Amino acid sequence: MLYLIDKPMAEVGLRTAAEDPEARIVLIQDGVYLAPDVDAPVSAVARDVDVRGVTLPSDIDRISYDAVVESLVEQEVKSFV
Amino acid sequence: MKRDVVVLLTRAPYGRVHIPEGLRAARGVAAGFDMHDVTVIFTQDGVYGARDAVDREALNMSGHVADLAEQDGQMVADGAAMAERGVAEREIADDVTVWSDDRVTARIRDADRTLDF
């Protein structure tokens, strides 16, 4: 399942994702400021990263907005935005 | 078609309408033609709104809570968020059940829809 996470709901969002062995997390909007400590692949929306001038930790990938939209269509999503 | 709906209340009460509006939405979903199963979860700063000491009239909560109960909707407080904020279980209102972290997150993952306020 894809977990779309923004900062205001990161607490409950990350906890929900952390217990899902098949979780894939996408940080969006102010969520890109986060450096989540979870055992799951984490990506951050490139545009949100760039406009905020954020330097991502090495274990967080950049993902384009188009790729996020494609993922949203392809798989089940839990939104915490 | 009957669905499993979770309404997340994430904001502290007072000064904003998120809790009453979330409860209004919850009772609306529960009362709909399909009679969906609705669980309201007080999480993050929303746990402050699950406390017994809260003035529900000032928050315009009471009517929504009564209607939700009438439709078999349930209200839950997130134990992990409570612990994070030092809110004790004895402070929680009688009509709100305290759930553990695992139970809350499983409920959110399994829901057909989640609405957040």
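Computed from a prediction, not measured in an experiment: that's the story for all the values here. Below, chains carry the letters A, B, ... as their sequence lines are ordered, and counting in each starts from 1.
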Item to complete: Flag yes if more than 12 heavy atoms outside A:Arg47 fall under 6.0 Å of its CZ atom; otherwise flag no.
Response: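 For A:Arg47, atom CZ is not crowded (no more than 12 foreign heavy atoms under 6.0 Å).
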
Q.
Counting only heavy atoms from other residues, nucleotides and ligands, does the tally under 6.0 Å from CG of B:Asp55 exceed 12?
A.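 Counting neighbours around CG of B:Asp55, more than 12 heavy atoms of other residues, nucleotides or ligands fall under 6.0 Å, so yes.
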
With side chain to side chain contact (heavy atoms under 4.5 Å, CB included) as the test, would you mind laying out the steps for B:Leu8 and A:Met9 before giving the verdict? CA-CA 10 Å; B:Leu8 296 172; A:Met9 288 190 62; 3.7 Å; yes

Joint cluster assignment, [X] & [Y], ILVMFWY side-chain distance < 4.5 Å:
X: B:Met61; Y: B:Val7; result: yes
X: B:Val47; Y: B:Leu68; result: yes
X: B:Leu9; Y: B:Val87; result: yes
X: B:Phe117; Y: B:Met75; result: yes
X: A:Val51; Y: A:Val45; result: no

Which atoms of [X] approach chain A - backbone, side chain, both or neither, heavy atom under 4.5 Å:
X: B:Ile41; answer: neither
X: B:Ala111; answer: both
X: B:Asp102; answer: both

Within residues 53-81 of chain A, the residues sitting under 4.5 Å from chain B by heavy atom, in sequence order, are A:Lys78, A:Ser79, A:Phe80, A:Val81

Residues 10-20 of chain A vs chain B, non-hydrogen distance cutoff under 4.5 Å, contacting residues -> A:Ala10, A:Glu11, A:Val12, A:Arg15, A:Thr16, A:Glu19, A:Asp20

Output the option from B:Arg85, B:Arg113, B:Arg11 having the highest count of non-hydrogen pairs under 4.5 Å with chain A.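 Most pairs with chain A among the choices: B:Arg85.
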
Tell me, out of B:Asp78, B:Val104, B:Thr114, who's got the most heavy-atom pairs with chain A below 4.5 Å.
->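 It is B:Asp78.
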
Bottom line for A:Met1: the part with an atom under 4.5 Å from chain B's heavy atoms is side chain

